[in-house]
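Values below: every heavy atom of this structure, side chains too, minus hydrogens, waters and symmetry copies. Just so it is clear, the structure is predicted and the values come from calculations on it, not from any experiment.
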Amino acid sequence: MDSMDQRLDASFNALMAEILQSRRENDVAHSAMRSEFTRESCALRGELSGELSTMRTEVAREFSTMRVRFESVETAIDDSGAHLEAAMLVLHEEVLSRLKLIGEGRPSSS
C-alpha cells in the first residue's frame, strides 16, 4: 500500500502544482486584460469627451443662429404689424369720411 499511497501523493502533488501554475497564468492574463481594458476605456473616454465638446460647440452655434433668425422674424412681424395698424387707421378714417359724405347727401327726415 505504501507505493500506492506514494503514487497517490505524487499525483496529488503534481495536480496541485498544475492548479497553482494555472492560477498564476490566469492571474497574469487577468491582470493584462484589466490593464488593456483600462487603457482602452481611458482612450475611449478621451475620444468621447472630445466628440461631446465638439457637439456642444456645434449645438450652441446652431442655437445662436436660430436665436438671431427668430429675432429677425419677430422684428419683421413687429414692423409689418405697425405698417398694418397704420394702414387700418387710414382705411378707418376714409370709411368714416365717406359715411359722413353719404349722410350729408341724404335729405333730412324732419
Using modelled atom types only, decide if a donor and an acceptor are shared between the side chain of [X] and the backbone of [Y] within a distance under 3.5 Å.
X     : Y     : answer
Ser49 : Arg45 : no
Ser80 : Ala76 : yes
Ser64 : Ala60 : no
Ser41 : Phe37 : yes

Value rounded to 0.5 Å, distance of [atom1] in [X] from [atom2] in [Y]:
X     : Y     : atom1 : atom2 : answer
Arg69 : Glu62 : CZ    : CD    : 9.0 Å
Glu94 : Leu89 : CD    : CG    : 12.0 Å
Leu15 : Ser11 : CG    : OG    : 8.5 Å
Glu51 : Leu44 : CD    : CG    : 10.5 Å
Met16 : Ile19 : CE    : CD1   : 5.5 Å
Asn13 : Gln6  : CG    : CD    : 11.5 Å

Please check if the number of heavy atoms outside Glu93 that lie under 6.0 Å from its CD is greater than 12.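 For Glu93, atom CD is crowded (more than 12 foreign heavy atoms under 6.0 Å).
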Does Arg67 pair with Glu71 as a salt bridge, N-O distance under 4.0 Å?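 No, this pair does not count.
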If you link I, L, V, M, F, W and Y whenever their side-chain heavy atoms are under 4.5 Å apart, who else ends up in the same group as Met66?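 Members other than Met66 - counting any ILVMFWY side chain reachable under 4.5 Å - are Phe70.
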Can you list the other members of the hydrophobic cluster that holds Ile77, where links are side-chain heavy atoms under 4.5 angstrom apart?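 Its cluster partners, ordered by chain and number, are Val73.
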Would you say that Leu96 contacts His92 through its side chain, given a criterion of any heavy-atom pair below 4.5 Å between the two side chains?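 Yes. Closest side-chain heavy atoms under 4.5 Å.
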Met55 and Phe63: same hydrophobic cluster, using ILVMFWY side-chain contacts below 4.5 Å?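 In one cluster with Met55: Phe63, yes.
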